[in-house]
Amino acid sequence: MCCQTQKKSTIEIPEGKVGLIGYGSLTSREQMADQLGKPYAGGVEVIHLEGFQRTWTATTPNKWEFPPNGFLLECSHAGDTIVPKWFSALNIRKNDSVAINCCFFIIDQEDLEPIDKTEKGYQRIEVTNNIREFSVANGKIWAYQATPEFTETPKTGEPKNYAVAKLYLDFLEAGFSELGESYREEFYQTTLPVPEEIVLDCDIVTPDANTENDQ
């Protein structure tokens, strides 16, 4: 928990660089390279973010025009194919009694702007003073938190409106395989439970111009 006491080391983030926290699907060099759109040669360090609880309260519209093309998720539920309006994804919210395990990257400061654009529905927040393992003498550390308009607790009895895509959970599990079982166990210990009844098998489809998704 975040109230544990231990001696912190001190680091300096090089000029022109910033720290970035990955607490969900961003856990490896390969995933960071995908995020940046270019190779990432830096390190990946497992640390703890104090004062935040990991939740499933980020809500993402099913049809959202990520460049270069839009996408849509069709899901299976009770023998039918449905198109949920919203998908619930990982988020963080303030909770002074909790610390979550996560991954720490150092990237070029100029790369924050393109990441800001791809993290739709999220806002960048400073967490420089919330790292358990070290203090920062120079530089800043950032994390992404869902904006208020895209933050909502999923309604578990409404899979046509709110769903969690199983492929997202599979993606998380792939990252855990690299980080080890102890990271995986701590991840679930420091994350509010995913509502199992709205975890659906889904397929990615590319909607045509005539597809309507009422949101």
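Computed from heavy atoms alone, side chains included, the values below leave out hydrogens, waters and symmetry copies.
- Each of L192 and L90 belongs to its own hydrophobic cluster when Ile, Leu, Val, Met, Phe, Trp and Tyr are linked at side-chain heavy-atom distances under 4.5 angstrom.
- Heavy atoms only, all atoms of each residue included: R29 and G42 are closest at NE-O, 2.8 Å.
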Next on the checklist: Checking Q31 against T27 for the side chain to side chain donor-acceptor pair (under 3.5 Å) test, could you report, in this order, the C-alpha distance in whole Å, the side-chain angles of both residues, the deciding distance, and whether it holds?
Outcome noted: CA-CA 7 Å; Q31 290 162 353; T27 59; 3.0 Å; yes
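- No donor-acceptor pair closer than 3.5 Å links the side chain of E74 to the backbone N or O of V205.
- In terms of heavy atoms, V164 sits closest to W56 at CG1-CZ3, 4.0 Å.
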Next on the checklist: side chain to side chain contact (heavy atoms under 4.5 Å, CB included) for K8 and E133? Distances and angles first, verdict last.
Outcome noted: CA-CA 6 Å; K8 286 188 176 185; E133 285 77 7; over 6 Å; no
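- Here the CG-CD distance, from L167 to E173, works out to 13.0 Å after rounding to the nearest 0.5 Å.
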Next on the checklist: Between V194 and V199, is the side chain to side chain contact (heavy atoms under 4.5 Å, CB included) condition met? List the steps.
Outcome noted: CA-CA 8 Å; V194 59; V199 175; 3.8 Å; yes
Checklist entry - Going through the checks in order, is the side chain to side chain donor-acceptor pair (under 3.5 Å) test met by R184 and N101? => result CA-CA 9 Å; R184 180 183 185 277; N101 60 333; over 6 Å; no
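- The shortest distance between side-chain heavy atoms of T59 and T151 does not fall below 4.5 Å.
- The side-chain heavy atoms of C202 and F87, taken from C-beta on, include a pair separated by under 4.5 Å.
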Item to check | Test log, rule side chain to side chain donor-acceptor pair (under 3.5 Å), inputs Q53 and T55 | outcome: CA-CA 6 Å; Q53 173 75 65; T55 72; over 6 Å; no
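- At a threshold of 4.5 Å between non-hydrogen side-chain atoms, the residues I47 and C102 count as touching.
- The local environment of CD in E113 is sparse, with at most 12 non-hydrogen atoms from other residues, nucleotides or ligands closer than 6.0 Å.
- Between T118 and Q35, the closest side-chain pair of non-hydrogen atoms falls below 4.5 Å.
- Under the 4.5 Å side-chain criterion, counting only non-hydrogen atoms from C-beta, Q123 is in contact with I125.
- One N or O on the side chain of Q145 and one on the backbone of I92 form a donor-acceptor pair closer than 3.5 Å.
- With a 4.5 Å cut-off on side-chain heavy atoms, C75 and P84 count as touching.
- In terms of heavy-atom proximity, T190 sits nearest to A99 at CG2-O, 3.3 Å.
- Distance alone, capped at 3.5 Å, places no donor-acceptor pair between the D201 side chain and the S76 backbone.
- Between P61 and W86 there is a side-chain heavy-atom pair separated by less than 4.5 Å.
- Atom OG1 of T156 sits about 6.5 Å away from atom CD1 of I198, to the nearest 0.5 Å.
- Under the 3.5 Å distance criterion, the side-chain polar atoms of R93 are left unmatched by any main-chain donor or acceptor of R54.
- I82 approaches P159 most closely through the heavy-atom pair CD1-O, 3.7 Å.
- Although no hydrogens or angles enter the test, the distance criterion places no donor-acceptor pair under 3.5 Å between the side chain of N62 and the main chain of L72.
- Separating the CD atom in E45 from the CZ atom in F105 is a distance of 11.0 Å, to the nearest 0.5 Å.
- Note on ring orientation: taking the six-membered ring where Trp is involved, the planes of Y183 and F176 are tilted (angle from 30° to 60°).
- You'll find the side chain of T191 stays beyond 4.5 Å of the side chain of I100, heavy atoms only.
- L169 and L200 are not part of a single hydrophobic cluster, where members link through side-chain heavy atoms under 4.5 Å apart.
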Could you tabulate the donor-acceptor pairs under 3.5 Å formed by side-chain atoms of residues 12-23, not counting sequence neighbours?
{"from": "K17", "atom 1": "NZ", "to": "D108", "atom 2": "OD1", "distance (Å)": "2.6"}
{"from": "Y23", "atom 1": "OH", "to": "Y144", "atom 2": "O", "distance (Å)": "2.7"}

Checklist entry - When you look at V127 and W142, which way does the side chain to side chain contact (heavy atoms under 4.5 Å, CB included) test go after all the steps? => result CA-CA 5 Å; V127 294; W142 302 93; 5.8 Å; no
Next on the checklist: D203 vs L73, test: side chain to side chain contact (heavy atoms under 4.5 Å, CB included). Steps then yes/no.
Outcome noted: CA-CA 5 Å; D203 291 317; L73 289 179; over 6 Å; no
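- Of all the heavy atoms in V44 and S28, the pair that sits closest is CG2-C, 4.2 Å.
- For residues 163-172, the pairs satisfying salt bridge (charged side-chain N to carboxylate O under 4.0 Å, His left out) are K166-D170, with sequence neighbours left out.
- A distance of 5.5 Å separates CD1 of I131 from CG of L49, quoted to the nearest 0.5 Å.
- Rounding to the nearest 0.5 angstrom, the gap separating the NZ atom in K160 from the NZ atom in K85 is 10.5 Å.
- Distance check, rounded to the nearest 0.5 Å: OG1 of T128 to CD1 of I141 gives 5.5 Å.
- Taking the charged nitrogens against the carboxylate oxygens, E119 and R124 have no contact shorter than 4.0 Å, which rules out a salt bridge.
- Separation of the F134 and F104 ring centroids falls under the 6.0 Å cut-off.
- Residues A33 and P39 approach most closely at CB-CA, 4.2 Å, considering heavy atoms.
- Although no hydrogens or angles enter the test, the distance criterion places a donor-acceptor pair under 3.5 Å between the side chain of N95 and the main chain of S97.
- For the pair K94 and F52, the cation-pi test (distance below 6.0 Å, angle within 45°) is passed.
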